[in-house]
There are 2 protein chains.
Amino acid sequence: MPSSGCSPVAPWRVISLSEVRPLADPEVARPLRKDAARNRKRLLAAAGDVFDAQGLDASVADVARAAGVGMGTLYRRFPTKEALIDALVHEVLEATIEMARESANRADGTGLEDFLRKSSAFQAAHPGCLPKLWNTDHDMVKTARSLIGELLADAQRQHKVRHDLTGTDVTLLMWSVRGIVESTRSVAPTAWQRHLDVLLAGIRPSSEDLAHRPVTRKQLDAILEHG
Amino acid sequence: MPSSGCSPVAPWRVISLSEVRPLADPEVARPLRKDAARNRKRLLAAAGDVFDAQGLDASVADVARAAGVGMGTLYRRFPTKEALIDALVHEVLEATIEMARESANRADGTGLEDFLRKSSAFQAAHPGCLPKLWNTDHDMVKTARSLIGELLADAQRQHKVRHDLTGTDVTLLMWSVRGIVESTRSVAPTAWQRHLDVLLAGIRPSSEDLAHRPVTRKQLDAILEHG
DNA sequence: AGTGAAACGGAACGGAGACTCCGCTTGGCT
DNA sequence: AGCCAAGCGGAGTCTCCGTTCCGTTTCACT
């Protein structure tokens with residue numbers, strides 16, 4: 001069947017799938033059909049809306065309805081509800097990592113605070129998947145952590161934050177903001193800003209050290225496993 | 001039917017029910033039969049254990065089994081799962097209020113920090129009902145808030161905490177600790193202490209005010225309504 | 001235009017869990 | 001001792017929700 005005399009473009013060729021299937025497994029994968037790709041985007045957008053509004057307990061049927069597709073479509077694209085949530089988490093983590101990279105460009109010691117303010121704002125704008133944000137997607141979480149570690153080190157070099165602060169402290173700080181966002185978003189959507197003010201005041205240099213020992217990295221890793 | 005010639009002690013008399021039925025409605029109520037009172041205590045204890053271990057998603061059947069009673073017994077004592085949780089919340093809030101009163105006796109400005117450390121420790125020891133702690137039982141929550149307000153005022157008078165801190169800030173602070181307890185209890189049950197260290201550092205007097213406006217009392221009240 | 005693999009919709013399934021019902025038991029009173 | 005309201009256990013009901021199945025439709029390639 002040599003139609004045009006050459007077949008350099010086999011039907012199974014792999015070309016820039018990252019745009020269409022950001023979560024594709026490492027095996028050979030076909031690009032999605034146009035309608036399928038469109039529905040995948042709709043589903044993710046709808047899931048974000050629905051979970052933002054109702055929390056992760058919202059039913060997948062609600063998501064499918066909001067996306068204007070049937071259950072079958074949803075489940076062909078995301079094999080379980082968890083996979084759907086993971087995809088949302090993936091997006092938020094990706095954005096968070098990007099923000100950490102941008103803040104790192106400052107290198108004047110203000111990157112950490114800049115990052116904390118921006119990433120908190122982003123999370124406040126995407127509250128739906130917050131409960132799962134730091135309990136999944138091990139690799140991205142670790143990437144984020146190491147970037148945050150760099151931001152922290154820089155801030156400490158420039159004497160912008162207390163010397164006894166650790167990376168795990170900063171992680172807890174972010175979880176703390178997440179908790180406030182979750183608790184207050186319905187009636188005081190910007191309350192986290194005030195809370196972050198207090199936290200930032202708490203991490204500034206001080207003559208007296210924090211009274212208790214920090215959490216170890218290993219302990220936080222354990223949360224990822226059986227979160 | 002005058003059996004003993006007098007009936008000063010009618011079967012419906014109301015005597016010191018608070019011990020047996022702390023949540024009894026304001027209407028006329030009989031004391032519980034001995035076995036019923038015993039089972040009520042067992043149920044509350046079991047519910048605490050089960051929810052502490054598995055979270056509020058644990059099934060009521062698990063609670064009944066842990067208490068060694070049947071479903072019927074559980075539901076005669078607590079008409080819904082929510083009522084059972086409310087009873088637990090009630091206990092924790094009661095203890096919290098008591099702690100606030102004790103701390104207030106200091107009146108040397110250290111009461112607030114003392115209260116925050118003790119109540120956090122107590123909550124960390126009873127994590128099961130934390131998600132509902134501040135969303136139910138309006139009256140007790142308001143009592144707690146006003147006591148906290150007094151602790152704060154005293155601390156500010158003695159220049160132990162920053163002058164621009166409000167009662168709502170302290171409330172958010174407690175919610176924040178709650179979030180950290182919930183997130184870390186499985187692998188780092190004392191992590192909240194370190195986090196509280198940071199928060200306490202953040203509320204100490206400072207030359208620069210917090211950047212954002214505090215949440216209003218009214219906003220926090222709204223959370224109680226439709227939590 | 002024709003074809004078939006991929007995708008679609010939504011009804012049906014299965015399991016989990018909150019809650020109810022009812023026949024049996026027991027504490028507390030006379 | 002005897003009565004009976006109160007209490008008890010736990011099987012059964014009902015609803016909700018994640019997931020699957022399958023007949024129909026649509027894309028994409030020839």
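Below, chains carry the letters A, B, ... as their sequence lines are ordered, and counting in each starts from 1. All values below were derived from every heavy atom in this structure, side-chain atoms included, with hydrogens, water molecules and symmetry-related copies excluded. Keep in mind that this is a model prediction, so the values were computed, not measured.
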Counting primed atoms, P, OP1 and OP2 as sugar-phosphate and everything else as base, the B/S/- map of nucleotides 15-25 of chain C against protein heavy atoms under 4.0 Å is ---SBB-----
Could you tell me whether the side chains of A:Ser103 and A:Asp114 share a donor-acceptor contact shorter than 3.5 Å?
yes
Flag for B:His195-A:Ser176: side-chain donor and acceptor within less than 3.5 Å
yes
[X] has an atom [atom1]; how far is it from atom [atom2] of [N], in whole Å?
X	N	atom1	atom2	answer
A:Leu32	D:dA28	CG	C1'	14 Å
A:Leu43	D:dG18	CG	C1'	15 Å
A:Asp35	D:dC27	CG	P	6 Å
A:Leu84	D:dT19	CG	P	10 Å
A:Arg38	C:dA6	CZ	P	19 Å
A:Leu74	D:dC17	CG	P	15 Å

Short side-chain N/O contact from [X] to OP1 or OP2 of [N], under 4.0 Å:
X	N	value
B:Thr73	D:dG7	no
B:Arg77	D:dC8	yes
B:Asn39	D:dC8	yes

Option from B:Leu116, B:Thr168, B:Leu165 for which side chain to side chain contact (heavy atoms under 4.5 Å, CB included) with B:Leu173 holds:
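So the option named by the test is B:Leu116.
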Taking [atom1] in [X] as the centre, count heavy atoms belonging to other residues, nucleotides or ligands within less than 6.0 Å. Is the count above 12?
X	atom1	result
B:Glu98	CD	yes
B:Arg217	CZ	no
A:Arg38	CZ	yes

